[in-house]
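Here the structure comes first, spelled out in structure tokens, and everything after it is commentary.
These figures come from a predicted structure and were not determined experimentally.
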Amino acid sequence: MSFQRYVAIGDSFTEGVGDPDPTRPNGLRGWADRVAEVLGRGEPSFGYANLAIRGRKLDPILDEQLAPAVALEPDLVTVYAGANDILRPKVDIDGLVERYDAALDRLAATGARLVVFTAFDPGGSAIYRPLRGRFALYNELVRTSARTHGATVVDFWTMREYRDWRYWDADRMHLGPAGHQRMAIEVLDTLGVPHDLQPLPLTDRPPLTRAEQRQENIAWVRGMAIPWVHRRLTGRSSGDGLDPKRPALAPID
């Protein structure tokens, strides 16, 4: 199976946060770039656009990215949206996925192959475990919407290897390089696209004492969690002022 016009929309997950590469737009690579690299091999007419911007909730994603994505006339679209909404203190998940469903309907009308994602299972994380019920409900509604519109589902929820923090960035919120590589493999396998990608080696860490774990957690709260909460309270986003890293279809090296 081959694709010629791939468009990715979403938030930091799709932009590639946690997978730094200073040679690329926005200084990021990410799983979508890795997928595009495979899809573009030996395809001189292949084009890839990535409209995702970190920090975006569902409504801004739909307001800012949906129409441009449709205008690019893609034959493959990946959509990941809603996680930033679920993490808020209050969220109407039924209303959220109702708007998500309407967006899938519009994208399906283009004839493109649609790929959507479930949210990851936070059951293995003491930090995010209290939100597990929200994530589960969101996932069931997304699966239902995907069936309605003939979308392919990449089931992040069932990928238990992501309970290993070595797949994640130090901020504990975004995938690290190994996590992005693993997700690219999953997307390609789900699409049935042949590839030679291999999992990246995981970096072993020496065991920490209880005191070292406590200090590490305190540093994370001060350096990552508090700034994240402060942005939410002040109505700001990590993506404020950023443009999509690949706003138009173009080849990828």
Side-chain angles (χ1 to χ4, degrees), residues 1-54 56 61 64-81 103-118 146 149-156 159 174-201 242-253:
M1 179 178 296
S2 64
F3 300 96
Q4 300 299 315
R5 303 170 69 84
Y6 169 34
V7 178
I9 66 176
D11 54 27
S12 58
F13 174 77
T14 300
E15 187 188 357
V17 173
D19 189 14
D21 184 338
T23 69
R24 297 180 185 241
N26 291 8
L28 300 171
R29 190 181 182 189
W31 66 264
D33 280 23
R34 294 167 185 267
V35 167
E37 290 158 17
V38 173
L39 297 178
R41 290 175 188 168
E43 298 286 348
S45 61
F46 175 78
Y48 160 55
N50 190 321
L51 309 180
I53 296 179
R54 69 196 74 172
R56 291 295 193 264
I61 289 172
E64 300 168 8
Q65 300 175 30
L66 184 58
V70 171
L72 291 171
E73 300 181 343
D75 58 12
L76 172 65
V77 180
T78 57
V79 183
Y80 185 89
L104 291 189
D105 183 62
R106 185 173 175 186
L107 290 168
T110 69
R113 177 79 175 269
L114 298 184
V115 176
V116 302
F117 298 77
T118 58
H149 300 292
T152 298
V153 177
V154 175
D155 202 351
F156 197 178
M159 298 173 70
H174 301 100
L175 302 182
H180 280 282
Q181 177 82 346
R182 177 66 186 89
M183 188 57 65
I185 292 170
E186 189 70 15
V187 171
L188 292 166
D189 287 347
T190 301
L191 285 171
V193 174
H195 64 87
D196 58 1
L197 298 188
Q198 296 294 322
L200 298 182
L242 283 181
D243 294 322
K245 69 177 187 177
R246 297 180 63 91
L249 290 166
I252 183 168
D253 294 334

Can you list the residues that meet the salt bridge (charged side-chain N to carboxylate O under 4.0 Å, His left out) rule with [X], with sequence neighbours excluded?
X	value
D105	none
R246	none
D155	R143
E64	R56

To the nearest 0.5 Å, what is the distance between CG (L76) and OG (S2)?
->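 Between atom CG of L76 and atom OG of S2 there are 11.0 Å.
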
Spatial distance of atom CD1 (I185) from atom CG (L197) [nearest 0.5 Å] = 5.5 Å

Does the side-chain contact (heavy atoms from CB on, under 4.5 Å) test come out yes or no for V115 and T190, once each step is laid out?
-> CA-CA 9 Å; V115 176; T190 301; 5.9 Å; no

For side-chain contact (heavy atoms from CB on, under 4.5 Å), just list the numbers for M183 and R34, CA-CA rounded to whole Å, side-chain angles, deciding distance to a tenth of an Å, and then say yes or no.
-> CA-CA 9 Å; M183 188 57 65; R34 294 167 185 267; over 6 Å; no

Specify the closest pair of heavy atoms between [X] and [Y], including all atoms of both residues, with the distance to one decimal.
X	Y	answer
N26	P244	ND2-C, 4.5 Å
I53	L242	CD1-O, 3.5 Å
T23	D21	OG1-OD1, 2.6 Å
L200	P177	CD1-O, 3.6 Å
L28	G16	CD2-O, 3.6 Å
A112	V77	CB-CG2, 4.0 Å

Going by the rule side-chain hydrogen bond (donor to acceptor under 3.5 Å, both in side chains), which residues pair with [X] if we only count those two or more places apart in sequence or in a different chain?
X	value
T152	R113
H174	S12, D171
T14	none
E186	R182

Residues forming a ring pair (Phe, Tyr, Trp, His ring centres under 6.0 Å) with Y80, sequence neighbours excluded =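 With sequence neighbours excluded, Y80 shows a ring pair (Phe, Tyr, Trp, His ring centres under 6.0 Å) to F13, F117, given in chain and number order.
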
Taking it one step at a time, do L175 and D19 satisfy side-chain contact (heavy atoms from CB on, under 4.5 Å)?
-> CA-CA 7 Å; L175 302 182; D19 189 14; over 6 Å; no

State whether the side chain of [X] and the backbone N or O of [Y] hold a donor-acceptor pair below 3.5 Å, judged by distance alone.
X	Y	result
R54	E15	no
H195	L39	no
Q181	Q198	yes

Side chain to side chain donor-acceptor pair (under 3.5 Å) contacts in which one or both residues fall within residues 35-49, not counting sequence neighbours = Q4-E43, Q4-S45, R24-E37, R29-E37, D33-Y48, R41-D196, Y48-N50

Begin with the C-alpha distance, continue with both residues' side-chain angles, and end with the deciding distance and a verdict on side-chain contact (heavy atoms from CB on, under 4.5 Å) for T78 and W31.
-> CA-CA 11 Å; T78 57; W31 66 264; 3.6 Å; yes

